[in-house]
Amino acid sequence: MMAVRFSSDVSCRLEVEGRNSAMKVEGSPWPQQDSGNVLYIDCSYRSLGSFPLCVLNLEHLEELHVEGNFLCSIPSSISRLRNLRSLYLHDNLLSDVCEELGQLSQLHSLDLSNNPLKCLEQMQNVVSRLRGLRELRLYKLGLTDILDFICKNLFRLEILSLSENALTSVPSEISNLLFLREIYLKNNLLQGFPAELGKLPCLEIIDVEQNQIASLSSEDCGPSWRKLFVACNKLPSLPQSLCEFGHLTVLEASSNALTQLPCLSALTSLAELGLSNNSLAEFPPRVCKLTSLQVLYMKNVCLKELHPSLVDLQALCVLDLSQNLLTEFPAEILSLVNLEELSLDDNQLDVIPEGVRSLSKLKTLGLSGNQFSAFPSAICELRQLEKLYLGQDQGKMFTSLPQTISQLTKLREFYMENNDLVGLPDSLGKMQKLQVLDLHNNKLQVLPKSIASLKGLKRIHLHANNLSTLPVEMSKLPNLLILTLAENPMTDPLPEVCEQGATAVICYLKERIRRVDKTLKIQAWWRGIMVRRKLGPHRDPGMPRGGKDSKDSKDKAPKGKDKKAPHKKTG
């Protein structure tokens, strides 16, 4: 399959994947010899003001992306694309949909989301003729109910997205969609869980997050469900029947009113469980029965300690225990040797045990907002760490970093904002993989020259410190894109240069190096002249003063006793 990607100018050279040559499009028509090969074109987010007419001659085109532009209309000639199967028109300025769109009988996927469609009835008439649709996305259109044509005409739908609208209910006719596998109703105004969804035989993924659902009964649940997202609602409990089917792999129930959980032991396939922002008060031991669990979110559930049987969750890769009441690093965590992400931010920890080195696969560690009296050097043994968070929005602030921080050679992102750091260790320059360094709101007075060794650095945040100058070595950071220096008493470069961002600062530092080099060359040249002429303080001390050779400048003997006067004859 040949794929073509447009640049912002439609009449420009096109990058053609899978070929060595590039085709040039001068508007329309498309070159006939190539038109049979192009199956996919991506014109998304190119600031296009009108539909790219040149693609309408590609009669074999199957997938077209024109989302994220400024398109106000769809040309009637789109009916030429008789083989089009996927059309993405979301995030544009479309006020209506042309009638000819309904002639695309092969269309399987259509996205009209986030457009200012004025006449939904007209859109309904057009789309209802696309009887072969498998995927329909209509999010962010201001819909107050599910349009009738969806349930009465599009019987082959497998994916239906109606998120970010104003839906208050789901009609019973949705049971006509016997092939529906995924439905997205996130961020609407649903008061109750749509019971009709439990009757759809093929439904696997249900997303009803960010609604106002206050109950979920046993009758609402379907046996084919695989992933259920009910976060950000008002659920006081979860039904036991939800756990009896045993097919769930993802259950996201964060930000509800849960105080306890049903028996979960039947969920032998559950891989992800979200319970954050509920009022559990203690770690539910029933969770420890889920030996297939890989991801567990328990942020802000008022935990003071963990259950000893947590060690049974050996498959766990991601564990979020941030914003709880833990005063000691839980010993149970040290047994979870497959952990890759661990968040303990905003607790009351004051020590990290040496045993943390057992978490040898850990890649992300969050320890912000705790009560460490000094930098927890034990984490420097986590050699696979890629992201480290130690910002102190609350808790005790760090005043220094150890030289051993350089042992984290794979670290890509390092966050140390809101501390009391006065300086940085020179060993920081050994962290060659570092891309993001956040040091804003500290007390840094100077940066080490070794920072120039961080060739991969892309973002460095230094605003709100005590910096007045920058080392010229920073001009050697080839990949630096973002440099923030506001709220520093900068004198070199001046604040007006710093405000222009990383590129301007680097240019300034390079110019400063050039000026210094030029000055040094002039000084060296001048010293050379002085030496050759035997002048000034740079002359050879063995040489006599003056510009003449010694044979032309013999010392004259002083008058007086050092030179004998001729003998005067007396007679």
Side-chain angles (χ1 to χ4, degrees), residues 182 184 186 204-210 216 225-233 235 238 242-243 245-256 258 260-280 282-303 305-324 326 329-330 332-347 356 358-368 382 384-389 412-413:
E182 304 176 20
Y184 300 90
K186 179 179 179 179
E204 297 181 354
I205 300 176
I206 305 97
D207 186 352
V208 290
E209 289 187 352
Q210 298 182 37
L216 176 60
W225 291 3
R226 298 292 187 274
K227 299 179 181 181
L228 176 62
F229 300 90
V230 291
C232 303
N233 280 286
L235 295 175
L238 297 175
L242 186 65
C243 309
F245 298 124
H247 301 309
L248 277 181
T249 59
V250 176
L251 174 58
E252 176 52 80
S254 298
S255 301
N256 277 282
L258 303 179
Q260 59 183 358
L261 299 177
C263 180
L264 302 171
S265 56
L267 297 178
T268 55
S269 300
L270 196 66
E272 181 175 335
L273 176 60
L275 297 172
S276 297
N277 301 312
N278 282 290
S279 302
L280 299 177
E282 62 180 19
F283 193 93
R286 292 175 172 178
V287 171
C288 301
K289 302 292 184 181
L290 306 173
T291 54
S292 297
L293 204 60
Q294 299 177 23
V295 179
L296 176 58
Y297 299 108
M298 293 195 69
K299 172 183 177 181
N300 188 27
V301 292
C302 304
L303 294 180
E305 59 183 4
L306 304 184
H307 196 274
S309 56
L310 181 72
V311 299
D312 295 334
L313 301 182
Q314 288 298 305
L316 211 57
C317 296
V318 178
L319 178 59
D320 186 353
L321 296 171
S322 58
Q323 296 182 22
N324 279 291
L326 301 173
F329 190 96
E332 296 84 1
I333 293 178
L334 301 178
S335 300
L336 305 177
V337 294
N338 289 306
L339 271 186
E340 296 183 6
E341 297 183 23
L342 173 62
S343 178
L344 290 166
D345 303 280
D346 301 326
N347 278 278
V356 75
S358 65
L359 304 179
S360 58
K361 296 182 180 180
L362 206 60
K363 295 181 179 180
T364 301
L365 177 60
L367 293 172
S368 298
L382 301 172
Q384 300 300 316
L385 212 57
E386 297 179 1
K387 297 181 182 181
L388 177 57
Y389 298 84
R412 294 188 293 108
E413 300 181 18

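Side-chain contact between D320 and L296: absent, with no pair of heavy atoms (C-beta onward) separated by less than 4.5 Å. When side chains are defined from C-beta on, D345 does not count as touching Q323, because their heavy atoms never get closer than 4.5 Å. Contact of the L275 side chain with the L251 side chain is not registered, since no non-hydrogen atoms from C-beta on lie closer than 4.5 Å. Counting heavy atoms from C-beta outward, L321 and L306 have side chains that approach closer than 4.5 Å. Between L362 and T364 the shortest side-chain heavy-atom distance does not fall below 4.5 Å. The side-chain heavy atoms of W225 and L248, taken from C-beta on, include a pair separated by under 4.5 Å. In this structure, L316 and N338 have side chains that are not in contact, with every pair of non-hydrogen atoms separated by 4.5 Å or more. Contact check for E209 versus S254: no side-chain heavy atoms found under the 4.5 Å cut-off.
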For side chain to side chain contact (heavy atoms under 4.5 Å, CB included), just list the numbers for L319 and L336, CA-CA rounded to whole Å, side-chain angles, deciding distance to a tenth of an Å, and then say yes or no. CA-CA 10 Å; L319 178 59; L336 305 177; 4.2 Å; yes
Please report the C-alpha distance between S292 and S269 in whole Å, then the side-chain angles of each, then the deciding distance to 0.1 Å, and finally whether the side chain to side chain contact (heavy atoms under 4.5 Å, CB included) criterion is met. CA-CA 6 Å; S292 297; S269 300; 6.0 Å; no
Apply side chain to side chain contact (heavy atoms under 4.5 Å, CB included) to the pair F283 and C288, showing each step before the final yes or no. CA-CA 9 Å; F283 193 93; C288 301; 3.5 Å; yes
Could you go through F329 and L334, starting from their C-alpha distance and side-chain angles, then the distance that decides it, and tell me whether this counts as side chain to side chain contact (heavy atoms under 4.5 Å, CB included)? CA-CA 9 Å; F329 190 96; L334 301 178; 3.5 Å; yes
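Distance check, rounded to the nearest 0.5 Å: NZ of K227 to CD1 of I205 gives 5.0 Å. Atom-to-atom distance recorded for L303:CG and L280:CG is 7.5 Å, nearest 0.5 angstrom. Atom CG of L290 and atom CD of E272 lie 12.5 Å apart (nearest 0.5 Å). The structure places OG of S368 at 11.5 Å from CG of N347, a figure rounded to the nearest 0.5 Å. With values rounded to the nearest 0.5 angstrom, R412 atom CZ is found 12.5 Å from L388 atom CG. L310 CG to L293 CG: the interatomic distance, rounded to the nearest 0.5 Å, is 9.5 Å.
Although no hydrogens or angles enter the test, the distance criterion places no donor-acceptor pair under 3.5 Å between the side chain of R286 and the main chain of S265. Side chain of Q294 to backbone of L270: no donor-acceptor contact under 3.5 angstrom is found.
Looking at E340 and K361, no side-chain N of the basic residue comes within less than 4.0 Å of a carboxylate O on the acidic one, giving no salt bridge.
A side-chain N or O of N300 and one of N277 form a donor-acceptor pair less than 3.5 Å apart.
Counting non-hydrogen atoms of neighbouring residues, nucleotides and ligands closer than 6.0 angstrom, the CD atom of E305 reaches no more than 12 such neighbours. A 6.0 Å sphere centred on CD of Q260 holds no more than 12 heavy atoms belonging to other residues, nucleotides or ligands.
Here the closest heavy-atom approach between residue N256 and residue A253 is recorded as ND2-O, 3.1 Å. When all heavy atoms are compared, the tightest approach of V287 to L313 is O-CD2, 3.8 Å. Taking every heavy atom of both residues into account, L342 and I333 meet most closely at CD2-CG2, 3.9 Å. Minimum heavy-atom separation, C243 to C263: CB-O, 3.4 Å. The heavy-atom pair separating K299 from S276 by the smallest distance is N-OG, 2.9 Å.
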